[in-house]
Number of protein chains: 2
Amino acid sequence: MLSSSAPTSESLGSSARRERRERILDATIALASHGGFDAVQMRAVADRADVALGTLYRYFPSKIHLLVAALAREFERTESALGASRIEGDTPADRVVTVLRWTTSGLEDDPHLTEALTRAFMFADRSVATEIRLVARLLTRIVTNAMHPDRDEVDDEDVAIARVVGDVWLASLVGCVTGRSTTAEAVAHMERAVRLIVR
Amino acid sequence: MLSSSAPTSESLGSSARRERRERILDATIALASHGGFDAVQMRAVADRADVALGTLYRYFPSKIHLLVAALAREFERTESALGASRIEGDTPADRVVTVLRWTTSGLEDDPHLTEALTRAFMFADRSVATEIRLVARLLTRIVTNAMHPDRDEVDDEDVAIARVVGDVWLASLVGCVTGRSTTAEAVAHMERAVRLIVR
DNA sequence: GACATAATGGGAACACGTTCCACTTCGAGA
DNA sequence: TCTCGAAGTGGAACGTGTTCCCATTATGTC
């Protein structure tokens with residue numbers, strides 16, 4: 001348990017463990033991408049990642065944990081991709097819209113994946129609180145960063161605004177996934193909401 | 001199928017059918033209220049409503065349909081309860097906050113029920129679109145009505161605002177259910193959001 | 001190198017949502 | 001009243017998430 005390397009953050013243990021974890025998440029994304037939430041079957045993930053079912057459950061205690069962890073990894077990648085480039089737009093609202101568009105287009109390229117990750121996020125219960133919080137924090141940070149790319153610190157008000165934007169974003173995703181609205185409608189709704197909220 | 005009475009709206013058929021439907025929804029609410037989403041087990045619902053499992057599935061093609069239908073019924077009752085009384089508050093924002101508080105307190109009295117209904121709503125997929133749309137419409141109408149209790153017609157802008165409020169409300173519910181925030185925090189967040197959005 | 005401990009593999013078993021089927025009951029029209 | 005089709009009953013059976021068990025393999029210690 002308390003082995004050598006711990007360069008990142010958590011007690012992820014050895015590199016073999018980390019590799020296996022990555023393999024599992026890769027398999028999850030691949031299956032989700034192909035057939036959505038229902039296609040992410042635990043036995044299929046285990047097969048594809050070349051681990052036993054019991055091992056999969058040792059890494060991720062439920063299908064929801066697994067999918068939310070996959071979502072968190074995607075978000076981390078999105079954030080670092082965004083961090084690298086300047087965000088287009090003159091006003092905070094413009095930049096937020098840009099970021100949301102960018103993120104959303106990434107998602108609409110892969111509707112199955114979006115469906116799987118969104119539904120997992122929405123279906124999660126308290127036992128997934130840690131992972132959920134991680135995702136929520138990432139989302140808020142992405143938005144506040146779009147609002148004030150230069151600032152390192154943001155005030156309370158900005159966080160509240162960013163959370164509202166995040167709420168609308170999630171609700172819009174749910175709207176798409178549940179077939180209540182098309183992607184275009186969802187994007188339009190988000191834009192309108194941002195113009196209402198951010199200034 | 002095309003029997004006698006159809007006094008309300010849909011093709012609900014005979015009164016025996018309607019009674020059975022009500023009994024099923026009652027059983028659903030009772031079980032959800034007691035033990036949340038997981039306690040709403042189809043066999044248990046069928047037992048409690050005194051119908052066979054197959055009959056239950058004839059009325060509601062899945063657990064999610066069942067729970068979303070129950071949510072819709074609760075919303076309809078909420079709306080008619082609200083419609084009866086004047087809403088306190090001098091400004092649109094105040095009235096919206098009042099309504100949300102009222103609705104939310106109703107829900108927080110019964111956290112299990114809230115959890116069950118919220119998770120069902122969030123987990124729904126396209127096949128539940130009809131019921132989902134019904135709930136969304138009710139929610140929007142409740143908010144727009146709070147904004148303009150006197151008006152019968154509302155403009156496009158108001159609907160957009162109401163939808164954002166609804167989004168925040170749903171996201172806040174999810175936040176509670178997933179243990180990301182306490183009820184008090186959720187209410188505070190909603191209030192702040194409404195002040196930002198409605199004027 | 002031998003050992004203790006933890007991690008993994010393989011697979012059976014269980015729970016609950018869902019489907020299916022054979023049989024019975026109900027209700028409306030001849 | 002009789003008949004026929006629709007609706008309901010009871011229960012078996014299937015799929016998938018989840019748990020459990022134990023033999024096997026890695027990992028770190030002496």
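Naming convention: chains lettered A, B, ... in sequence-line order (proteins, then strands); numbering from 1 in each chain.
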Assign a letter to each nucleotide of nucleotides 10-15 of chain C from its 5' end: B, base within under 4.0 Å of a protein heavy atom; S, sugar-phosphate only; -, no contact.
-> B--B--
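- Using a 4.5 Å heavy-atom threshold, the side chains of Leu25(A) and Phe60(A) count as touching.
- Counting heavy atoms of neighbouring residues, nucleotides and ligands inside a 6.0 Å radius, atom CG of Asp90(A) does not exceed 12 of them.
- One interatomic measurement links the two molecules: CG of Asp47(B) to P of dC16(C), which rounds to 13 Å at whole-angstrom precision.
- If you take CG of Asp50(A) and C1' of dG9(C), they are 11 Å apart, rounded to a whole angstrom.
- For Tyr59(A) and dG17(D), the OH to P distance is 20 Å, given to the nearest whole Å.
- Rounded to whole Å, the distance from CG on Leu56(B) to C1' on dG10(D) is 14 Å.
- Side-chain atoms of Leu56(A) and Arg43(A), non-hydrogen and from C-beta on, never get closer than 4.5 Å to each other.
- Following rounding to the nearest Å, Arg17(B) (CZ) and dA28(C) (P) show an atom-to-atom distance of 14 Å.
- The interatomic distance linking Arg58(B) (CZ) with dG10(D) (P) rounds to 14 Å, in whole Å.
- One can place OH of Tyr57(A) at 17 Å from P of dC21(D), the figure rounded to the nearest angstrom.
- Annotation: cation-pi pair Arg23(B)/Tyr59(B) absent, no NZ/CZ under 6.0 Å from the ring centroid and within 45° of its normal.
- Salt-bridge annotation for Arg163(A) and Asp158(A): absent, with no side-chain N of the basic residue lying under 4.0 Å from a carboxylate O of the acidic one.
- Atom CD1 of Ile64(B) is separated from atom C1' of dT18(C) by 13 Å (rounded to the nearest Å).
- Toward the 5′ end of DNA chain C lies the nearest nucleotide of Asp38(B), the other residue of the pair Ala16(B) and Asp38(B) mapping further downstream.
- For Arg20(A), a side-chain nitrogen or oxygen approaches OP1 or OP2 of dG9(C) to under 4.0 Å.
- Proximity of Ile161(A) to Val143(A): side-chain heavy atoms (C-beta onward) are nowhere separated by under 4.5 Å.
- Using a 4.0 Å cut-off between charged nitrogen and carboxylate oxygen, Arg141(B) and Glu79(B) count as a salt-bridge pair.
- Residue contacts for Val40(B): at a heavy-atom cut-off of 4.0 Å it reaches the sugar-phosphate backbone alone, with no base atom in range.
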